Amino acid sequence: MVTKTIKVVNEQGIHMRPAGMLVAEMKKFPNCNVTLKCGEKTAKATAVMQIMASGIKCGSEVEITAEGENEQAALDKAVELFETGFGE
Amino acid sequence: MRIVDLLSKESILLKASPKNKQEAIDKLVELQVKGGKIADKEAYKKGILAREEQGSTAVGEGIAIPHAKSDAVKGPSLAAMTVPDGVDYEALDGEPSNLLFMIAAPMDGDVHLEVLSRLMTILMDEDFRAKLLAAKDKNEFINVIDEMEQEKYPDEKKEQNVSGDGSYKVLAVTACPTGIAHTYMAAEALEKAGKKMGVPIKVETNGSGGAKNILTKDEIAACDGIIVAADKAVEMSRFNGKKVYKTKVSDGIKIPEELINKIVSGDAPIYNHDGEITDGGSGDDETFGRKIYKQLMNGVSNMLPFVVAGGIFIALAFLIDTIAGAPQDSTFGTYTAAAEFFKTIGGYAFNFMVPILAAYIGMSIADRPGFLVGLVGGYLATTGSTFSSVGGDVPSGFLGALFAGFIGGYIMLGIEKLCDNMPKALNGIKPVLIYPLAGLGVIAVIMCAVNPIMGYLNTGLSNFLSNMGDSSKIVLGCILGGMMSIDMGGPFNKAAYTFGITAIAAGSYDIMAAVMIGGMVPPIAIALSTTFFKNRWNEEERKNGPVNYIMGLSFITEGAIPYAAADPLRVIPSCLIGAATAGGLSMAFDCTLMAPHGGVFVFAVVGNWPMYILSLVIGSLVGMLLLALLKKKVNE
């Protein structure tokens with residue numbers, strides 16, 4: 001299991017488009033369980049609705065955890081997406 | 001930010017069957033527009049489509065949440081649509097969508113994300129989604145969401161109610177000059193907004209029936225601040241030291257949330273009853289003209305009941321004497337005991353009319369100390385006191401009283417300013433002794449100085465009329481008619497009326513006929529105008545309009561005073577020209593009258609009465625048309 005905490009940089013927070021992007025990327029790691037933890041809320045990185053329901057705003061800290069096959073690659077990809085602000 | 005507060009009934013469409021994504025978007029945009037928060041439909045739709053181009057907003061589970069953050073959005077809002085058979089919204093999972101929520105968010109803030117997050121949170125519940133799809137009507141749809149929100153966010157529900165100890169966070173007072181509609185509309189809007197925002201609010205209405213739902217001392221002490229949305233003076237001293245935001249009553253209707261926010265955010269300035277508003281703030285951004293209007297209307301609306309009740313009493317007296325068959329001469333109206341009762345008491349009520357006008361103008365300028373200067377100043381205008389004849393000489397009428405109300409009010413403010421420098425020890429006796437005493441002295445001197453001018457005017461006019469005797473009768477008739485209506489009880493009116501009575505004594509009866517008709521036209525012209533040109537008058541003026549038919553027909557010119565006082569520059573010229581027309585025609589037709597009053601009740605003794613009636617009708621119509629022409633439409 002690998003974990004990293006990052007800060008949300010895109011101004012609009014994790015709205016639907018970034019959430020969708022994340023989900024699409026994470027689905028490429030079918031045997032790896034990736035979760036996001038923001039405040040008290042936890043969301044599966046492959047469930048758009050759960051991510052949206054967390055309402056992750058710009059500047060908030062998110063703890064990303066990956067566990068399973070290719071867990072480091074999955075985590076790196078997720079972190080990359082967050083750090084590049086999902087291309088925004 | 002509750003979902004149910006963002007979703008209005010107009011923006012819900014159940015059991016829709018759009019053919020494709022395009023049509024679904026069109027329908028949802030349409031629903032958003034109905035909700036009223038979209039300033040520019042095309043721009044908003046463009047935002048929605050641009051978002052869809054980046055990827056479908058159908059998130060799976062049959063849910064689609066198209067959204068746009070745009071300048072075209074005035075405030076956050078939601079539209080909802082259920083599609084039982086589903087529509088292909090190009091979902092990631094390829095499944096059709098059957099629950100569609102469209103979000104409109106303004107550019108600033110995180111509303112967008114909050115709404116999205118909240119929607120997702122509740123929509124994750126499968127039972128909830130099923131209930132939404134099964135909802136039979138819009139009310140049920142909203143109730144399902146409401147229940148769900150209360151369950152998921154139990155804390156908010158409590159905030160909706162009055163805070164724990166039963167106190168209110170925000171208080172408000174609403175008042176409009178008429179006190180019939182706007183007062184209550186503003187109160188309702190504020191209460192609704194308070195509920196929506198979860199801010200406990202209590203609103204006092206200062207309507208025509210007196211203040212209702214009055215704020216108590218404890219409530220005022222416990223609240224964060226007070227909103228005063230009023231177009232007339234309200235009792236302010238009780239708010240001393242509290243945060244008060246003063247504004248127009250229409251703001252209470254239009255922007256209640258904004259007003260509540262002013263108090264909640266602590267932006268409102270602290271109100272200091274003794275003088276200026278401290279702590280900066282922008283509570284005093286009214287224009288001078290608006291202030292004057294407000295003060296004037298405060299006087300007029302308080303004067304109206306006196307005019308109406310007194311006028312009807314006097315008309316009753318004439319009616320009683322007509323039935324009793326009293327002789328139609330100068331005793332008409334007081335001939336029988338019953339008539340005398342009504343005419344005398346009605347006359348007493350009338351006597352208060354002009355002082356009350358001045359008193360309430362004074363009070364709206366300088367609060368309670370202004371009441372005294374206005375009342376006494378107005379009374380001095382009716383007695384016509386001068387230095388040489390303090391008991392009274394020539395009344396300056398309602399124009400003099402208007403002057404007394406305004407000048408008295410502002411002088412009182414000046415006196416209060418001057419007294420600021422007095423030792424603090426005297427503070428206690430300022431309002432009970434110093435202000436009233438100084439105010440009374442100053443207004444007495446001013447009115448005694450002003451009234452003689454009216455006296456000269458009156459003498460000059462009388463002489464002028466006497467010298468007119470030789471020239472054209474018709475011109476004289478026009479002048480007399482006009483004079484009767486120019487000040488409705490002031491020097492012009494008085495001079496014309498006295499001239500008419502003198503003429504009766506001298507045996508020429510045509511002059512009194514022209515005088516009376518001139519005094520009958522203004523109320524009738526106004527009454528006609530309130531009947532046929534309703535949009536020129538406010539609600540209260542319209543409601544009192546019919547009474548002016550009775551007033552006019554009874555030769556009670558004073559019925560027109562409240563209307564003239566409210567808008568002298570337009571009403572007086574209209575009445576003047578109408579009355580002059582009638583006076584001139586009456587002379588032209590050689591109409592005569594031997595009784596000095598009585599209106600329609602003495603028409604039996606009018607010489608050439610058919611033409612007299614015709615003159616009255618023409619004069620009144622002229623007045624009415626001019627009123628329609630000159631007066632602007634009222635936005636109510």
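As the structure is a prediction and not an experimental result, all values here were calculated from the model. Here is the naming used below: chain letters follow the sequence lines, and residue numbers restart at 1 for every chain.
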**Student:** What part of B:Leu119 gets within 4.5 angstrom of chain A, counting heavy atoms only: side chain, backbone, both, or neither?
**Tutor:** neither

**Student:** Is chain A contacted by the side chain of B:Ile122, its backbone, both, or neither, given a heavy-atom distance below 4.5 Å?
**Tutor:** neither

**Student:** Give, as side chain, backbone, both or neither, the part of A:Ile51 having an atom under 4.5 angstrom from any heavy atom of chain B.
**Tutor:** neither

**Student:** Just wondering, are more than 12 heavy atoms of other shown residues or ligands nearer than 6.0 Å to NZ in B:Lys9?
**Tutor:** no

**Student:** Return the minimal non-hydrogen interatomic distance between A:Met49 and B:Val59, and the atom names on each side.
**Tutor:** CG-CG2, 3.9 Å

**Student:** Kindly check if the number of other-residue, nucleotide or ligand heavy atoms within 6.0 Å of NZ (B:Lys138) is above 12?
**Tutor:** yes

**Student:** Taking the side chain as C-beta and beyond, is there a heavy-atom pair between B:Thr121 and A:Lys41 under 4.5 Å?
**Tutor:** yes

**Student:** Hey, could you give me the NZ/NE2 distance between B:Lys69 and A:His15, rounded to the nearest 0.5 Å?
**Tutor:** 8.5 Å

**Student:** Please report the shortest heavy-atom distance between A:Ala53 and B:Ser117, naming the atom on each side.
**Tutor:** O-OG, 3.0 Å

**Student:** If you define the side chain from C-beta out and look only at heavy atoms, does anything of A:Met16 sit under 4.5 Å from B:Met120?
**Tutor:** yes

